[in-house]
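All ligand and atom numbering here is 1-based and tracks the order in the structure. As a basis for the values below, the full set of heavy atoms in this structure was taken, side chains included, without hydrogen atoms, waters or symmetry mates.
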Amino acid sequence: MRVTMIGTGYVGLVSGACFADFGHDVVCVDKDESKIAKLEAGEIPIFEPGLEGLVAENVKAGRLSFSRDLAASTPNADAVFIAVGTPSRRGDGFADLSYVYKAAEEIAEVMDGYTVIVNKSTVPVGTGQEVEDIIRKARPDAEFSVVSNPEFLREGAAINDFKHPDRVVVGVEDERAVKVMREIYRPLFLNETPIVFTNRATSELIKYAANAFLATKITFINEMADLCEKVGANVQEVARGIGLDGRIGGKFLHAGPGYGGSCFPKDTLALVRTAQSSGAPARIVETVVEINDSRKKRMADRVIAACGGSIEGKTIAVLGLTFKPNTDDMRDSPSLDIVPALQKAGAKVRAFDPAGMKEAEALMSDIDYTEGPYQTLEGADAVVIITEWDEFRALDLERVKSLLKAPIMVDLRNIYRPAEMAEAGIQYYSIGRPS
Ligand code: UGA
């Protein structure tokens with residue numbers, strides 16, 4: 001199959017490289033000339049484990065190429081994927097669909113022969129229909145189908161998620177397009193991956209419903225964690241105790257500082273807006289959004305409390321800035337609430353993140369960045385772990401204690417056991433567990 005992928009952001013690049021690895025002929029198109037030049041030189045603009053090698057292998061095999069020019073690849077393509085951004089629209093939280101519509105107009109100009117246009121961007125229900133209308137208006141006689149095929153990739157594990165998904169969802173309105181989509185996902189059919197064929201509106205909603213449900217699960221366990229702290233229970237054991245019930249499932253029950261990232265905050269908000277404007281308000285999701293926002297804002301208070309009620313003039317060491325490990329992505333990261341709140345309370349912040357410091361620098365000011373976890377701790381009054389990077393999981397606790405001015409650790413990801421901290425003589429505050 002010949003595939004054109006519009007957008008070389010996270011979703012487009014990972015999907016394009018994986019489709020090429022499935023054996024398809026893939027051209028990834030982006031308007032950003034410097035991005036294309038970098039990709040052609042073998043440079044990967046995003047941090048994703050395994051992606052650089054996968055891109056290089058498939059470029060070398062002649063199955064993957066990059067271009068600025070949609071007209072060069074689209075006329076021959078069996079399928080054109082739209083994988084452009086749908087950020088939150090400023091002011092109202094609806095998804096901004098201007099890039100999707102622009103892509104539709106551009107495809108209409110250059111497509112030739114029967115083409116399946118596949119929307120991979122996260123878009124509200126009804127967008128597939130609008131894309132179809134845009135193309136139909138520009139090319140009344142063209143032969144094409146518009147399909148919805150949402151992605152469920154997690155940053156940091158995207159290649160594995162793409163190649164071994166729990167399911168693939170395809171929203172499609174005609175048999176001809178079903179055949180093309182089956183062929184594109186052939187290796188997964190052979191692996192017996194469940195492929196959910198449904199209508200387009202359903203597929204579009206599945207994406208939002210999945211993210212909103214996961215965000216709800218996290219928010220639920222975060223509230224249970226707060227309750228655990230009041231009643232002397234242990235949230236990790238609560239999560240295990242409920243998660244072993246197959247109807248609940250153990251995943252996405254890690255209590256923490258609140259969810260962040262490029263997807264959950266934006267998609268929950270967009271679902272809330274769509275539901276409100278459709279006259280079927282999603283009250284649970286509305287509440288989840290509210291609770292999560294306020295949770296992130298409250299996290300700095302834990303550090304202040306651990307330091308005896310004031311951090312004025314103190315130095316706080318921060319380990320981890322990205323919204324989760326194995327990414328350099330800072331979008332809606334809890335650190336963006338926590339660090340400024342610590343600074344506002346009078347603290348000096350010293351921080352280390354294995355991949356996110358460059359991104360962080362553009363978003364926050366007055367942070368002293370260091371070269372490693374131990375350097376961050378030197379002479380600090382307390383340390384707070386915001387992101388659970390592997391390299392923070394096995395710190396030499398004696399060294400930690402000797403470097404800190406006061407042996408105080410606030411672990412917002414529960415990566416240590418309270419008992420080992422007590423033994424090491426560190427005052428340890430975690431989430432939802434008795435210390
Ligand atoms: C999420 C979904 O997991 C993917 O399925 C989806 O494709 C993607 O959004 C998207 O819509 O593109 P991602 O944002 O990469 O993926 O990251 P997650 O691993 O889902 O984590 C999101 C946030 O939830 C992070 O801040 C993480 O720390 C937090 N989280 C996750 C918890 O606090 N507790 C958990 O148990 C799990």
Indicate every side-chain donor-acceptor pair of residues 251-263 with a distance under 3.5 Å to a residue at least two apart or in another chain.
from, atom 1, to, atom 2, distance (Å)
Ser262, OG, Glu155, OE2, 3.3

Neighbouring residues of ligand 1, heavy-atom cut-off under 4.0 Å: Glu151, Phe152, Leu153, Arg154, Glu155, Lys207, Asn211, Ile218, Phe252, Leu253, His254, Tyr259, Gly260, Cys263, Phe264, Asp267, Phe323, Lys324, Arg413
Taking Lys31 first and then Glu106, would you say they form a salt bridge - that is, a charged N and a carboxylate O separated by under 4.0 Å? yes
Is Asp25 salt-bridged to Arg63, cutoff N-O under 4.0 Å? no
Could Lys324 and Asp329 be called an ion pair, given the rule that one side-chain N must be under 4.0 Å from one carboxylate O? no
Is there a side-chain contact between Thr127 and Asn119 in this structure, where contact means two heavy atoms from C-beta onward sitting under 4.5 Å apart? yes
Find out whether the Lys NZ or Arg CZ of Arg399 is both under 6.0 angstrom from the six-membered ring centre of Tyr374 and within 45° of the ring's axis. yes
